[in-house]
Amino acid sequence: MAALTKRPVQCGFRPTVCRRRPPGIAPSSDCQGIPAVMHAFRTHTCGQLRRSDVGQTVRLSGWIHRKRDHGNLLFVDLRDHYGLTQCVADVSSDIFPVLEGARVESVITVTGRVIARSEETINPRLPTGDVEIGVDAVTVQSTADVLPLQVAGDQEYPEDLRLTYRFLDLRREQVHRNIVLRSRVITAIRQRMVEQGFLEYQTPILTASSPEGARDFLVPSRLHPGRFYALPQAPQQFKQLLMVSGFDRYFQIAPCFRDEDSRADRSPGEFYQLDFEMSFVTQDDVFNAIEPVLAGVFEEFAEGRAVTPAPFPRIPFDEAMLKYGSDKPDLRNPLIIQDVTPHFQGGGFGLFAKLIDGKGAVVRAIPAPGAADRPRGWYDKLNAWARENGAGGLGYIIFGEDGPKGPIAKNLEADRVEALRGQMDLKAGDAVFFACDKPLAAAKFAGLVRTKVCIELEMLETGVFKFCWTVDFPMFERNEDTGQIEFSHNPFSMPQGGLEALETMDPLDIKAFQYDIVCNGVELSSGAIRNHRPDIMFKAFGIAGYSPEHVEEHFGGMLNAFRYGAPPHGGAAPGIDRIVMLLADEPNIREVIAFPMNGQAQDLMMQAPGGVSAAQLKELHIALDLPKPKPKAQGAGTVTAGGDAG
RNA sequence: GCGGGUGUAGCUCAGUUGGUUAGAGCGCUGGCCUGUCACGCCAGAGGUCGCCGGUUCAAGUCCGGUCACUCGCGCCA
């Protein structure tokens with residue numbers, strides 16, 4: 001160790017290199033070649049050294065990524081955030097046994113000479129592959145036990161293991177890259193929002209429970225026995241209040257908390273939104289403000305993938321449901337659904353004809369270009385799939401070279417079949433599937449079929465980000481079970497046509513200034529022009545069956561704010577996690593979150609949720625009323641009054 | 001809450017029609033190896049086949065239940 005730190009060495013950073021110096025690494029001198037004491041841990045990162053550095057004495061710190069032990073010659077790949085550098089030692093060196101005895105993932109500091117590799121030993125796959133470090137001294141900073149999962153290599157591991165040892169998992173290349181991407185995306189979003197004239201404001205994390213929406217996470221109040229804070233499901237009311245306060249353009253990378261069950265694209269508990277709101281704007285102004293931000297961010301990180309240029313296509317909700325069978329159309333899928341009810345009404349295919357006349361059903365047709373030569377078994381398989389997904393079956397017509405085929409073609413009159421073929425613009429060699437049900441159910445099922453057929457026929461466009469807006473959502477809808485008229489989305493959206501529409505139109509025909517941003521079939525965001533007029537709000541809630549007293553009681557805070565001069569305003573809140581997920585091309589949201597919870601909303605590493613002490617509960621005036629414990633309840637998440645309060 | 005999938009060594013997986021001592025790769029331990037970069041070679045340790053019950057002469061394999069993880073539905077103004 002004597003040779004290690006005391007000896008002054010020449011500065012490793014020449015002026016040209018200094019500019020690339022990562023944060024936190026100070027040059028060990030003023031870069032004028034004046035000798036200085038070497039930094040305790042590193043003069044360079046593990047991704048930095050090049051052929052031009054040959055001859056310098058340098059110091060690197062990092063993790064032992066891999067070792068190749070030839071008995072009398074030892075290679076160590078040293079890894080840090082920035083890259084890999086090969087270090088080499090031979091048996092004649094004092095430090096050889098130290099390196100040989102250090103397990104992978106131990107943290108070491110090496111000091112040595114930068115050596116040019118001979119032509120045949122250059123590693124072209126490594127940016128630092130022209131050089132290696134001849135190790136003269138080594139310090140073991142931290143030893144590693146035998147690993148529960150390997151950092152080097154790309155073996156897959158079960159997710160609970162990865163989450164339990166997330167700090168190891170995050171060292172691995174792909175997740176590490178995803179988290180860096182996330183950081184860069186958020187920085188790019190901030191820059192672009194500021195360029196658009198938005199300012200970032202914070203809003204409370206401890207707030208009040210709101211009666212609408214998802215289940216809240218509650219936080220008990222110590223000072224107010226029996227009362228609770230709630231974590232915000234979104235800063236919705238606060239951002240509107242900021243508009244009322246005159247701040248004009250607000251944004252925030254906002255944490256949102258909702259106690260709902262997880263999905264592959266929905267993290268349990270918490271997620272982040274690019275929350276923004278603007279005053280004195282129309283719907284078009286909102287679109288014009290956010291489109292360049294989203295398109296710009298996606299282009300910045302697209303790496304060759306095409307991005308829909310602004311302005312994005314705007315698809316009315318009704319059209320989306322008809323043509324794509326979804327309010328979040330995946331425009332990478334070229335198939336377009338059409339309504340073909342008239343061809344079946346009163347026709348020879350009795351099943352559909354009866355449903356149309358008897359139940360008010362409609363028939364939606366999903367084209368399957370080029371599918372005519374698929375074997376019978378393919379159609380049977382899709383039929384079975386349809387049954388698994390709750391449909392009675394999946395009718396189809398095959399347009400073969402020798403005419404229409406299949407059970408429906410046998411029964412439906414030839415001229416009707418031909419008219420249908422003409423409407424759908426199908427050729428010999430194509431096929432078409434049908435969904436027959438009440439309008440909403442038929443649309444949704446046709447949407448499923450559209451997706452399924454697209455995958456089966458391998459027609460999904462790849463390497464693109466296809467954006468669109470879904471606009472003109474209905475303000476109200478009828479609850480199928482109760483017959484009641486309800487808000488279909490956000491009750492605080494402005495109805496199109498304002499008060500007059502509410503007073504004169506059939507509520508089910510009223511549209512809202514409510515819109516979604518969709519990318520590749522993923523709902524990135526919903527948003528709206530808000531209803532800032534108490535009179536219109538009372539009227540809208542009245543249609544949905546709520547009394548003025550109810551509105552006053554539950555939303556009095558907002559209403560009150562709107563009584564002292566509120567600007568017309570609107571905004572949206574694209575999901576950060578989903579944006580990063582799309583850019584990282586990951587199918588699961590947990591791959592772009594540094595410390596996610598598992599599907600049961602547990603943090604396996606921190607053991608949350610955990611028990612708390614009886615004293616803590618008493619201070620909060622809380623007595624537990626627990627369900628009977630299951631026979632074998634152990635491990636993380638067990639709630640006990642006397643548990644691990646540490 | 002409901003439905004599908006998975007569960008065999010620390011990890012990834014194989015395991016035939018139910019039939020002798022449950023295998024491979026990675027990792028781990030020991031030995032050999034001076035130009036590798038997924039280094040190589042030799043040897044070794046490591047298993048309640050998720051758990052409980054059943055059928056059977058015999059169960060990793062078949063049946064029932066249960067638990068865990070995961071995907072989906074419900075839920076997500």
Side-chain angles (χ1 to χ4, degrees), chain A residues 65-79 84-93 96 100 103-105 115 117-126 128-129 132 134 144-165 168 210-216 233-234 236-237 256-269 271 385 388-390 444 448 473 475 486-493 512 514 523 526-528 530-531 541 544 554-555 573 575 587-588 590 598-600 602 604 630-637:
Chain A
H65 187 66
R66 270 199 183 92
K67 292 200 302 184
R68 291 173 294 281
D69 187 350
H70 292 234
N72 293 313
L73 182 71
L74 174 62
F75 297 98
V76 170
D77 290 339
L78 197 63
R79 182 196 75 238
L84 273 179
T85 299
Q86 174 166 284
C87 303
V88 60
D90 85 17
V91 72
S92 63
S93 163
F96 188 87
E100 193 174 43
R103 190 174 280 136
V104 289
E105 293 309 311
I115 302 167
R117 296 207 207 176
S118 64
E119 203 56 45
E120 64 279 10
T121 61
I122 284 174
N123 184 347
R125 294 199 304 276
L126 231 49
T128 60
E132 63 194 5
D145 284 346
V146 174
L147 299 165
L149 57 86
Q150 286 154 247
V151 173
D154 52 7
Q155 185 172 311
E156 292 189 22
Y157 293 93
E159 195 161 24
D160 46 353
L161 189 76
R162 292 178 55 200
L163 294 180
T164 303
Y165 298 96
L168 288 178
S210 73
E212 303 288 326
R215 213 173 286 117
D216 284 317
Q233 298 185 20
Q236 180 66 37
Q237 295 196 47
C256 304
F257 306 90
R258 295 178 192 174
D259 186 4
E260 294 297 330
D261 289 344
S262 74
R263 290 288 183 276
D265 64 350
R266 200 167 78 201
S267 185
F271 60 96
W385 166 86
E388 282 167 20
N389 283 276
K444 284 184 177 172
L448 281 182
F473 277 85
M475 186 80 199
E486 300 178 344
F487 289 111
S488 59
H489 290 83
N490 187 332
F492 303 107
S493 300
Q514 162 96 37
E523 181 190 321
S526 64
R530 320 297 172 185
N531 185 347
F541 272 90
H554 288 97
F555 309 109
N588 189 303
R590 294 184 292 277
N598 70 2
Q600 278 66 245
Q602 298 165 309
L604 297 176
K630 288 180 177 173
K632 195 196 121 195
Q634 62 171 38

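All values reported here derive from a predicted model rather than from experimental measurement.
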- [ ] Using the P atoms only, state how far rG18(B) lies from rG30(B), rounded to an integer number of Å.
- [x] 44 Å
Open item on the list: If we ignore hydrogens and angles and just use 3.5 Å, is the side chain of K67(A) paired with the main-chain N or O of E100(A) as donor and acceptor?
Closed with: yes
Task: Given rU36(B), rG72(B), rC28(B), the nucleotide with the shortest approach to the side chain of R103(A) - done: rC28(B)
TODO: Measure from the side chain of R266(A), starting at C-beta and using heavy atoms only, and say which of rC76(B), rG35(B), rC39(B) lies closest.
DONE: rC76(B)
Open item on the list: Treating E260(A) as the side-chain partner and A214(A) as the backbone partner, does any N or O pair qualify as donor plus acceptor under 3.5 Å?
Closed with: no
- [ ] May I ask you to say what G599(A) touches in the nucleic acid, namely base, sugar-phosphate or nothing, with a heavy-atom cut-off under 4.0 Å?
- [x] sugar-phosphate
Open item on the list: Please pick, from rC37(B), rC76(B), rA77(B), the nucleotide with the shortest atom-to-atom distance to any side-chain atom of T121(A).
Closed with: rC37(B)
Task: Atom-to-atom span, CZ of F487(A) to P of rC76(B) - whole angstrom - done: 15 Å
Open item on the list: Counting primed atoms plus P, OP1 and OP2 as sugar-phosphate and everything else as base, spell out the protein contacts along nucleotides 6-12 of chain B at 4.0 Å heavy-atom distance: B, S or - for each nucleotide, 5' to 3'.
Closed with: ----BBS
TODO: For rU6(B) and rU16(B), measure between their P atoms and round to the nearest Å.
DONE: 15 Å
TODO: Using a 4.5 Å cut-off on heavy atoms from C-beta on, say whether the side chain of N123(A) contacts that of Q86(A).
DONE: no
Task: Nearest atoms (heavy-atom pairs only) where L149(A) meets L168(A) - done: CD1-CB, 4.0 Å
Open item on the list: Can you give me the closest heavy-atom contact between E105(A) and V151(A), atom names plus distance?
Closed with: OE2-CB, 3.3 Å
TODO: Under 4.0 Å between any heavy atoms, over every strand shown, what does N588(A) touch: base, sugar-phosphate, or nothing? Just pick one.
DONE: sugar-phosphate
TODO: For D77(A) and rG35(B), give me the distance from atom CG to atom P, rounded to whole Å.
DONE: 17 Å
Task: rA68(B) to rC32(B) separation - C1' atoms, rounded to the nearest Å - done: 44 Å
Open item on the list: Quick one: does any side-chain atom of R117(A) pair with a main-chain N or O of G129(A) as donor and acceptor, under 3.5 Å?
Closed with: yes
Task: Separation between the P atoms of rG60(B) and rA9(B), rounded to whole Å - done: 14 Å
TODO: State whether the distance check finds a donor on one side and an acceptor on the other, under 3.5 Å, for side chain R68(A) versus base rU34(B).
DONE: no
- [ ] For nucleotides rG23(B) and rG15(B), find the distance between their C1' atoms and express it as a whole number of Å.
- [x] 7 Å
TODO: Write down the distance separating the C1' atoms in rU8(B) and rU61(B), rounded off to the nearest Å.
DONE: 11 Å
Task: Rounded interatomic separation in angstrom, taking CD from E260(A) and C1' from rC76(B) - done: 5 Å
Open item on the list: From C-beta outward on R590(A), which listed nucleotide comes closest to its side chain: rU70(B), rC39(B), rG35(B)?
Closed with: rU70(B)
Open item on the list: Once pairs are restricted to Watson-Crick or G-U wobble with both distances under 3.5 Å, how does RNA chain B read as a dot-bracket string, [ ] for crossings and | for other-strand pairs?
Closed with: (((((((..((((.....[...)))).(((((.......))))).....(((((..]....))))))))))))....
Task: Greater than 12 external heavy atoms within 6.0 Å of K444(A)'s NZ - done: no
Open item on the list: Nearest to the side chain of N72(A), heavy atoms from C-beta on, is which of rU36(B), rG74(B), rU34(B)?
Closed with: rU34(B)
Task: Protein-nucleotide distance (D90(A), atom CG; rU36(B), atom C1'), rounded to Å - done: 14 Å
Open item on the list: If you count heavy atoms of other groups shown closer than 6.0 angstrom to CZ of F96(A), is the number above 12?
Closed with: yes
Task: Side chain R258(A) and base rC76(B) donor-acceptor under 3.5 Å - done: no
Task: 5' priority, RNA chain B, between Q233(A) and D265(A) [closest heavy atom] - done: D265(A)
- [ ] Would you mind telling me which of rG35(B), rC71(B), rC69(B) lies closest to the side-chain atoms of A264(A)?
- [x] rC71(B)
Open item on the list: Nearest whole Å is fine: how far is rG40(B) P from L73(A) CG?
Closed with: 15 Å
TODO: Check every strand shown and say whether N490(A) touches a base, only sugar-phosphate, or nothing at a heavy-atom separation below 4.0 Å.
DONE: sugar-phosphate
TODO: For Q237(A), answer base if it contacts any base atom (sugar-phosphate contacts may also be present), sugar-phosphate if it contacts only those atoms, and nothing otherwise; contact means non-hydrogen atoms under 4.0 Å.
DONE: nothing
Open item on the list: I want to know whether F555(A) and F492(A) have ring centres closer than 6.0 Å.
Closed with: yes
Open item on the list: Give me the distance, rounded to whole Å, that separates rG27(B) from rA45(B) when you measure between the C1' atoms they each carry.
Closed with: 13 Å
Open item on the list: What I want to check is whether an N or O donor and acceptor connect the side chain of R263(A) with the base of rG74(B) at under 3.5 Å.
Closed with: yes
- [ ] Starting at CG of N598(A), measure out to CZ of R590(A) and round the result to the nearest 0.5 Å.
- [x] 7.5 Å
Task: Toward the 5' end of RNA chain B, by each residue's nearest nucleotide, G213(A) or I122(A) - done: I122(A)
Open item on the list: Using whole Å, what does the distance between atom C1' of nucleotide rC33(B) and atom CZ of F96(A) come to?
Closed with: 10 Å
Open item on the list: Heavy atoms only, 4.0 Å cut-off, all strands: where does Q600(A) land among base, sugar-phosphate and nothing?
Closed with: sugar-phosphate
- [ ] Decide yes or no, distance alone: a donor-acceptor N/O pair under 3.5 angstrom between the base of rC37(B) and the side-chain of R117(A).
- [x] yes
- [ ] Determine whether F75(A) and R66(A) make a side-chain contact, defined as any pair of heavy atoms from C-beta on separated by less than 4.5 Å.
- [x] no
- [ ] Establish, with yes or no, whether the OP1 or OP2 oxygen of rC76(B) is under 4.0 angstrom from a side-chain nitrogen or oxygen of R215(A).
- [x] no
Task: Whole-angstrom distance between rC39(B) and rC28(B), as gauged at atom P - done: 11 Å
Open item on the list: If you only use heavy atoms from C-beta on, which nucleotide in rC33(B), rA38(B), rG35(B) is closest to the side chain of D69(A)?
Closed with: rC33(B)
Open item on the list: Can you tell me which nucleotide in rC69(B), rA77(B), rC76(B) comes closest to the side chain of D160(A)?
Closed with: rC69(B)
Open item on the list: Between the base of rC39(B) and the ring of H70(A) - centre-to-centre under 5.5 Å, planes within under 30° - is that a stack?
Closed with: yes
- [ ] Ignoring hydrogens and angles, tell me if any N or O in the side chain of T128(A) forms a donor-acceptor pair with the backbone of L84(A) under 3.5 Å.
- [x] yes
